[in-house]
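Here the structure is laid out as structure tokens; the discussion comes afterwards.
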Amino acid sequence: MDYKITDIEKSFDGKIVENLGNNDYVIKINDNEHKLKIISMNSTGIEFILNQKYHKAKYLDQSTNEINIVIDNVPITINRHTHFDEVVFKHSGGAGAGNAQLSLKSQIPGKVVSISVAEGDSVKKGDVICTLESMKMQVSVKAHKDGVVKSIKIKETATVAKGDPIADIE
Amino acid sequence: MDYKITDIEKSFDGKIVENLGNNDYVIKINDNEHKLKIISMNSTGIEFILNQKYHKAKYLDQSTNEINIVIDNVPITINRHTHFDEVVFKHSGGAGAGNAQLSLKSQIPGKVVSISVAEGDSVKKGDVICTLESMKMQVSVKAHKDGVVKSIKIKETATVAKGDPIADIE
Amino acid sequence: MIEKVLIANRGEIALRVIRTCKALGIKTVAVYSDEDYNSMHVKQASEAYHIGEAAPSKSYLNQEKILEVMMASGTDAVHPGYGFLSENDDFARLCEKNKIIFIGPKADSMNLCGDKMKCKDAMLKAKVPTVPGSPGLVTDADDAEKIANEIGYPVMLKSVYGGGGRGIRIVNNDKELREGYESVTGESIAAVGKSAILVEKFLEKTRHIEYQFARDTHGNVVHIFERECSIQRRNQKLIEQTPSPIVDEETRSRVGELVRNAATAVDYTNLGTAEFLRADNGEFYFIEINARLQVEHPITEFVSGLDLVKLQLDIANGEPIPFKQSDLKMNGYAIECRINAEDTFLDFAPSTGPVPDVTIPSGPGVRCDTYLYPGCTVSPFYDSLMAKLVTWGQTFEESRTRMLAALNDFYIQGVETSIPLYKTILNSEEYKNGELSTDFLKRFDMIDRLTTDLKKEKEEKSEAAIAAAIIHSEYFKSRVQSNAANNSNWKYNLD
Amino acid sequence: MIEKVLIANRGEIALRVIRTCKALGIKTVAVYSDEDYNSMHVKQASEAYHIGEAAPSKSYLNQEKILEVMMASGTDAVHPGYGFLSENDDFARLCEKNKIIFIGPKADSMNLCGDKMKCKDAMLKAKVPTVPGSPGLVTDADDAEKIANEIGYPVMLKSVYGGGGRGIRIVNNDKELREGYESVTGESIAAVGKSAILVEKFLEKTRHIEYQFARDTHGNVVHIFERECSIQRRNQKLIEQTPSPIVDEETRSRVGELVRNAATAVDYTNLGTAEFLRADNGEFYFIEINARLQVEHPITEFVSGLDLVKLQLDIANGEPIPFKQSDLKMNGYAIECRINAEDTFLDFAPSTGPVPDVTIPSGPGVRCDTYLYPGCTVSPFYDSLMAKLVTWGQTFEESRTRMLAALNDFYIQGVETSIPLYKTILNSEEYKNGELSTDFLKRFDMIDRLTTDLKKEKEEKSEAAIAAAIIHSEYFKSRVQSNAANNSNWKYNLD
């Protein structure tokens, strides 16, 4: 995935190369591999050792394409050139064989922030049906096929589990 | 309610006299009334001001008739001469009009620690049907009437909500 | 003998007073507003009384209510801290009338110190040099303008009732003078309900150097060395140190002698501070007496070995100061950084809110006076001083490097702080060389340098930040792509 | 010049070393076992390397692994802290061979200090008095019995490889001697794989008084005053103080001169401690040299103003000690309480586990060296010392009362601590009067007095405890009796 730190005008390509088990990972940033050990992690932050150096990061104000991190007391904003929405879309039935299915299902657990359609609306594949908040990030759930919204299965502010139906589209 | 601190061989009669709102209470210990303000409270402890003096208490190892408190760094074990089981019993339908009802319901939310009967067993009013853990205290749920256990609605280690059926007794 | 002290204050200074009282076995009574139920001073005191709403005028400035608590709790004495009622002679008088020991000067002496005009008069009589300016209060803006033109711009307009940077304005010409006159008058009326203005020559490249002194009811008086407090923003001190890099032993004694005369001239009892401007030509001009314990008293405690709150209590008990001037020896070097909740880049605007996590620095030669604890709140109702970080060293360099290490260790989540600025200042050659003046920040472009330092810090941390972002992203992706239940790659649950 | 230091240790002493290195701009390398991923020294160091399993033999005592990390990380020097490899001359030699500066004495000197027999010989030659006993190692239990009967019971059996209370047994007759001989031999073999035993006269009502000293590679040697460490349990120090109440200036200099001779006699370099027994008749008998930084070094730092870790680094860099004996002046009084995770009533058995909440005391004259933080764990694999609480005062009384206030403020949730015992001791008249001896606890029935104090504390807190129980009970009752949803009496959710 591509990351950018605007403040210092630098871009990075970063990914996990290998999960070694025991909380040890190999990650790659640009051309260099690094050893990373997770010491503790929760929704608000992470403590880890990167190349024999301890770091503590807090995650603030996360969205799918921007994340504010305070790392070792230093605030840094990172832009993610990511395809989270597409990932969600694909796994909600938006790609391939799932086209025939009636029900649009949530692929993540989350809170319903807003619903963008009403029953009876005509939608096209890829239209935003609703927005969920998960891990403090807002993620759009998009129609997996063209059709008419037959019923909406969720309510605003309600919580949906992974796999819960969002809407039926016929 | 009666409280006893064995270590110092003293007994106390204590109760809330009045809820003044805004987290202010009047409590009575033996013959003396005291002003008490709750500053914060959760399942593991309480911070409060009693008669213009701040105190911080941690609740440890609670049961219906004993509670271990660390108050301002001083550990104190308090025995409660209480009728919690009876309170639960009464409100589970164990007293009065509820006698005719089929279903024994839980009057507290909690985790099922153990089930003391099997389907088909004959029970008498007041027999222990199961034990729940709530607020780190173990509380017995007792039969509200004589009869035969027709069905048991709970499983060990499962969580029950207030009002959930425990068993049908016919 | 004082056995129970009410502390008519909050925050770190209330805790500071409680600490000494505890060590001396003296009972303490805290007072608190609606905003302070959960504050540390309430938790640490022997007793705590609620005194009203969050706004200071409805609680910490409410003299009648505080008197009521003193009566109800049976306190012998009141410690006013700094700010709030600490320099209010009406309150001192109210305590005197009700036979409660006010830990500070007598009301009359406080009144004299607080009245910049009368105080200046007293100093002239005692041969303590003061800054050129109006001989007394100016009658109006016209009068101020006349004097300003006599002594030459820039001049300073000062409210007699101001202090700590409030009620002061520096003006460069007649137009600014007239605007400044209005706003100083307004501020003073808003703060204390009255206004009276002095005009003084504004000296450039001046240093703010002050002397701690103590005088007992028997007339014994000592100075406890100087503090240099030149690093300021908007006339508010940020960093203080002792000894001052430009005060040698001869100067220390000579000016110290003036300070002792000044204290005697106003019949001062208890601890006080005499503030001086030290001009670029080496002259010291008396500005005012702060009739209370100062924020920056810990640096004096470090180099003198004294507990100044204990000394205040001794003097308040009518005891003679238990040492002579000649017994006092300066030991080592101390620096204080005032850790404020403020955003350096928003012109030091206050930054308030919950502080979920805090790490307080510690170590040899490190002292941190603070009201912070994990889960506390920085209130918008009170001043922005969250903590005083103080370090001591055998040499200036040792105190400086210890301060830098402690600043690096200090973690305060949730609010902006002045810590990054202090790191830039303490690392600067100008600070190391002692090139101090009250316009230090502007003179050496410290805010720009801070920007550069912060960018460098971000460069240094960028790889680690990207690593944290990778883990966050990959975890999120994995949650979308597979069932959480059988996603064995991840042991962490981020919900 | 040393630019990067590996700290072959953990806990508070690793943090202590890191702190000085940070202030001096020296990079630090931490090592950690499986048990210490989440430990503070890992978080504070510039770099951190995992070195093995929790058991010390598989990590902090693994010389080869630590050497490997030193090579990989490019460290110039290693600080061994105390315990672990700090007095292991093989490790010192391994470092020397690999051109890594061992911050401590040379291997040969350490070997001499560690060999109680050879060391005693060296002291006799240097005219430093030692305790009557076997001229060297005893050959077997028979030999030990013979000598014991010559010098008279009680006698002490000491393993040459013991230290810090381990490998020591006091015996009162032939039968106890034979049993003790067995167990000391066993303990020593279990700890270091070998055993060799000395017999010494056991002196009663003795005080444990030790001297900090420093000697550089140029042969300059200073003593940095005494520490009295008489308050012990099972030969482990609990409370230390300086100055000792029974050491006057004449004694300080006289014994200090012996200490300087002792250091020179073993060609010691860097910081060390010479331990003495001070008999009831006023005589000082040398016991041993601790060839490392001591746990209790902060009290010496307080009264001398020195940073002893900095002094260690200076000496390790080959620099001369930057002051003379005559420059050192003792300033004030310092006390250290070792805050151990142990249950006083279970014969000081270790108490381990998670520590969800901690409040670290602070304030003027208070220093706390600790690895504790909210959410940390006290590990069963390592020693029970969680924190060192140190206070300073201008007078002994000031340091004592500050210590009591700090002990009261110290809150450690989850494990038993020695704090209540220290409160009882510091409040006792015997402690106040300086009636110290190594059997202080037993001699003055401190454990019984602690029981009484705790009961009194419970009495004092009983009303508040009942109030907390009432709220807890009533809340529970209200939950049972009404629907949680519309139970407006309670804003608190206890789930």
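Throughout, protein chains are lettered first and strands after them, A, B, ... in sequence-line order, and every chain is numbered starting at 1.
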> Atom CG in Asp72(B), atom CD in Glu457(D): separation rounded to 0.5 Å?
Replying inline: 9.5 Å
> What part of Gln413(D) is in contact with chain B, defined as an atom under 4.5 angstrom from a non-hydrogen atom: side chain, backbone, both or neither?
Replying inline: side chain
>> Are Ile419(D) and Asn73(B) packed together at the side-chain level, in the sense that at least one heavy-atom pair is separated by less than 4.5 angstrom?
In response: no
> So which part of Asp357(D) gets closer than 4.5 Å to some heavy atom of chain B, the side chain, the backbone, both or neither?
Replying inline: side chain
> Who among Lys455(D), Glu459(D), Glu460(D) has the most heavy-atom pairs with chain B under 4.5 Å?
Replying inline: Glu459(D)
> Is Met1(B) close to Ile470(D) at the side-chain level, that is, under 4.5 Å between some pair of heavy atoms?
Replying inline: no
> If contact means a heavy atom pair closer than 4.5 Å, which residues of residues 365-387 of chain D contact chain B?
Replying inline: none
>> Quick one: does any side-chain atom of Tyr59(B) pair with a main-chain N or O of Ala468(D) as donor and acceptor, under 3.5 Å?
In response: yes
> Could you give the distance from CD1 (Ile78(B)) to OG (Ser462(D)), rounded to the nearest 0.5 Å?
Replying inline: 8.5 Å
> Between Asn30(B), Leu50(B), Asn32(B), which shows the greatest number of heavy-atom pairs under 4.5 Å with chain D?
Replying inline: Leu50(B)
> So how far is it from His55(B) NE2 to Lys461(D) NZ, rounded to the nearest 0.5 Å?
Replying inline: 5.5 Å
> Are the side chains of Ile46(B) and His472(D) in touch, meaning some heavy atoms are under 4.5 Å apart?
Replying inline: no
> Do you know which two heavy atoms are closest between Ile76(B) and Ala465(D), and how far apart they sit?
Replying inline: CD1-CB, 3.9 Å
>> Looking at every non-hydrogen atom in both residues, tell me the closest pair between Ala467(D) and Ile29(B) and how far apart they are.
In response: N-CD1, 4.1 Å
>> With a strict 4.5 Å heavy-atom criterion, list every residue of residues 4-14 of chain B that contacts chain D, or say none.
In response: Ile5(B), Asp7(B), Ile8(B), Lys10(B), Phe12(B), Gly14(B)
>> Quick check on Lys432(D): does its NZ atom have over 12 non-hydrogen neighbours (other residues, nucleotides or ligands) under 6.0 Å away?
In response: yes
